[in-house]
Amino acid sequence: MNARSNSVLEQRWNANVPLSSQVLRQWSAPGIVLAVTDFAAEEILLFHAIQQARRSTAKVLLVHVLQPETAPPHIGEWIHPSRHQNLAETALAALSRMARQLRWVGVPCEPLLLRGSPAKEIALVAEARNADRILMTAACEKRRKNTASTTLTEDLLPGILAPICTVGQWLPTAPVVGHRPANITLALSLDTDAEMPLAFASRLAQEHQAKLTVLHVFSSEEKGLKEVERTPLAVASQLPADRLREAELMCPLEIAVRKGDPATEILKAESRSNQDFIVLGPVGEAQPLRVGTSNIAHRVISEALCPVIVLGRRLGHSAMG
């Protein structure tokens with residue numbers, strides 16, 4: 001993806017400080033998954049919480065945040081509070097019911113009801129409980145109040161020390177017989193440092209015994225590059241050599257190039273090859289998910305037919321060891 005049309009972090013790593021293998025493994029095989037619910041798309045969240053927790057025998061922290069003064073108005077649509085219950089009691093009852101469903105299938109789960117600003121409270125509990133992954137549905141993004149300018153993912157990124165995985169409304173809620181994750185795409189810009197995203201994506205692919213595709217989209221409006229330079233080999237030459245060799249040892253690896261609108265091309269590649277995860281990043285608060293009408297990461301999160309993992313700005317610091 002060309003950085004001039006893409007919302008990604010411009011950050012350079014300290015080459016003398018190695019990425020921590022332990023942190024990368026925790027992110028790819030989480031021990032604690034913090035699942036955020038607003039009680040919409042409940043079946044989708046539960047299904048993917050089970051799928052992601054089972055693989056690494058993770059514990060799920062099931063979180064709902066009541067905002068100050070009043071809960072989101074849609075809460076009543078989904079969990080039907082009675083006259084004799086306040087919203088906090090009703091929300092806690094719904095969390096407990098969902099937690100029982102997870103425990104029924106063997107996934108340890110602890111329900112947590114918080115009150116305050118969702119981004120702040122989720123970040124605090126994630127850090128306090130050492131969450132390795134944040135899981136939520138795209139429905140959480142669409143149904144928030146008074147947040148037209150930002151998404152929950154955008155608000156979380158500055159304070160979260162774990163990857164954020166969002167699952168869309170079109171994703172399955174029932175297992176496909178015989179299916180296991182086989183394809184992962186890492187969408188990268190050549191104008192941002194690829195070391196941490198490439199290290200994480202290759203670990204994730206290794207964990208799932210999946211193929212990793214590193215995808216770069218050249219903007220159709222980009223000037224100054226000859227067509228001959230828009231090749232997988234040219235992209236490979238600009239990636240960190242040590243990380244690229246490591247990725248090749250960890251999993252089957254392909255470098256793909258496309259030309260056009262980055263979000264459109266990422267979604268096309270995902271639909272054509274049945275991807276199991278898309279990894280985006282790093283993304284920072286200085287360059288939000290929505291830039292003008294580009295909506296690159298926002299569009300991918302909203303329209304992808306597989307989970308989308310967003311890597312935030314602070315992850316680079318937490319991965320150093």
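Below, all heavy atoms of this structure are taken into account, side chains as well, without hydrogens, waters or symmetry copies. Computed from a predicted model, the values in this text were never measured in an experiment.
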Item to check | Working for side chain to side chain contact (heavy atoms under 4.5 Å, CB included), residues Leu152 and Met136 | outcome: CA-CA 10 Å; Leu152 180 55; Met136 60 185 181; 3.6 Å; yes

Item to check | CA sep, side-chain torsions, deciding dist, call: Ile309, Leu204, side chain to side chain contact (heavy atoms under 4.5 Å, CB included) | outcome: CA-CA 11 Å; Ile309 297 179; Leu204 184 67; 3.9 Å; yes

Next on the checklist: Go through it in stages, so that I can follow the logic: the residues are Lys211 and Glu254, the test is salt bridge (charged side-chain N to carboxylate O under 4.0 Å, His left out), and I'd like the CA-CA distance, side-chain angles, deciding distance and then a yes or no.
Outcome noted: CA-CA 8 Å; Lys211 173 185 175 182; Glu254 176 188 11; 2.8 Å; yes

Next on the checklist: Pair Ser273, Gln275 - check side chain to side chain donor-acceptor pair (under 3.5 Å), show working.
Outcome noted: CA-CA 6 Å; Ser273 54; Gln275 295 296 304; 2.8 Å; yes

Checklist entry - Is there a side chain to side chain contact (heavy atoms under 4.5 Å, CB included) between Lys259 and Val217 once you walk through the steps? => result CA-CA 5 Å; Lys259 179 179 178 181; Val217 181; over 6 Å; no

Next on the checklist: Could you go through Trp27 and Gln22, starting from their C-alpha distance and side-chain angles, then the distance that decides it, and tell me whether this counts as side chain to side chain contact (heavy atoms under 4.5 Å, CB included)?
Outcome noted: CA-CA 9 Å; Trp27 290 347; Gln22 180 181 357; over 6 Å; no

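Rounded to the nearest 0.5 angstrom, Ile164 CD1 and Ile122 CD1 are separated by 9.0 Å. Note that CZ of Phe200 and CD of Glu195 are 15.0 Å apart. Values are rounded to the nearest 0.5 Å. From Thr166, atom OG1 reaches atom CD1 of Ile301 across 4.5 Å, with rounding to the nearest 0.5 Å. A distance of 5.5 Å separates CG in Leu24 from CZ in Arg203, rounded to the nearest 0.5 Å. Leu186 contributes atom CG, which lies 4.0 Å from atom CG of Leu188 (distance to the nearest 0.5 angstrom). Rounding to the nearest 0.5 angstrom, the gap separating the CG atom in Leu46 from the CD atom in Gln51 is 12.0 Å.
For Lys268, the salt bridge (Lys or Arg N to Asp or Glu O under 4.0 Å) partners are Glu265, not counting sequence neighbours. Scanning for side-chain contact (heavy atoms from CB on, under 4.5 Å) contacts around Val257 gives Phe218, Pro232, Val235, with sequence neighbours left out.
Annotation: side chain of Leu61 is not in contact with side chain of Val33 (no heavy-atom distance under 4.5 Å). Side chains of Glu42 and Met98 form a contact here, defined as non-hydrogen atoms less than 4.5 Å apart. Contact annotation: the side chain of Leu112 never approaches that of Leu62 to less than 4.5 Å [non-hydrogen atoms, C-beta and beyond]. Under the 4.5 Å side-chain criterion, counting only non-hydrogen atoms from C-beta, Leu311 is not in contact with Leu280. In this structure, the side chains of Leu66 and Leu114 stay at 4.5 Å or more apart for every pair of heavy atoms. Counting heavy atoms from C-beta on, the side chains of Val167 and Ile44 come closer than 4.5 Å. Contact annotation: the side chain of Ile266 approaches that of Ile278 to within less than 4.5 Å [non-hydrogen atoms, C-beta and beyond]. You'll find the side chain of Ile255 reaches within 4.5 Å of the side chain of Leu239, heavy atoms only.
Between Ala247 and Leu198 the shortest heavy-atom distance is CB-CD1, 4.3 Å. The two residues Ala205 and Leu212 have their closest heavy-atom pair at CB-CB, 4.1 Å. Residues Glu270 and Cys306 share a closest heavy-atom pair of OE2-N, 3.5 Å. Between Thr213 and Ala256, the shortest heavy-atom distance links the atoms CG2-CB, 3.9 Å.
A salt bridge is absent between Glu248 and Arg245: the closest approach of a Lys/Arg side-chain nitrogen to an acidic carboxylate oxygen does not fall below 4.0 angstrom.
Side-chain atoms of Arg299 and Thr264 form a donor-acceptor pair, as typed in the model, at a separation below 3.5 Å.
Of the possible donor and acceptor atoms, one in the side chain of Arg55 sits under 3.5 Å from a partner among the backbone N and O of Glu207. The closest donor-acceptor contact from the side chain of Asp155 to the backbone of Ala119 lies at 3.5 Å or more, if one exists at all. Between the side chain of Ser56 and the main chain of Pro30, a donor-acceptor pair closer than 3.5 Å is present. Here the side chain of Glu303 pairs no donor or acceptor atom with the backbone of Val300 at under 3.5 angstrom. A donor-acceptor contact shorter than 3.5 Å is absent between the side chain of Asn183 and the backbone of Asp276. Between the side chain of His216 and the main chain of Ser189, no donor-acceptor pair closer than 3.5 Å is present. Ser237 contributes a side-chain N or O that, together with a main-chain N or O of Ala234, makes up a donor-acceptor pair within less than 3.5 Å.
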If you look only at distance, which donor and acceptor atoms sit under 3.5 Å apart when one is on a side chain in residues 102-110 and the other is two or more places apart or in another chain?
from	atom 1	to	atom 2	distance (Å)
Arg103	NE	Cys109	O	3.1
Arg103	NH2	Cys109	O	3.0
Glu110	OE1	Lys59	NZ	3.1
Glu110	OE1	Arg129	NH2	2.6
Glu110	OE2	Arg129	NH1	3.3

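A chain of hydrophobic side-chain contacts below 4.5 Å, direct or via other Ile, Leu, Val, Met, Phe, Trp or Tyr residues, connects Ile50 to Val60.
Checking Leu95, Thr137, Val63, Leu135 one by one against Thr37, the side-chain contact (heavy atoms from CB on, under 4.5 Å) holds for a single residue, Leu95.
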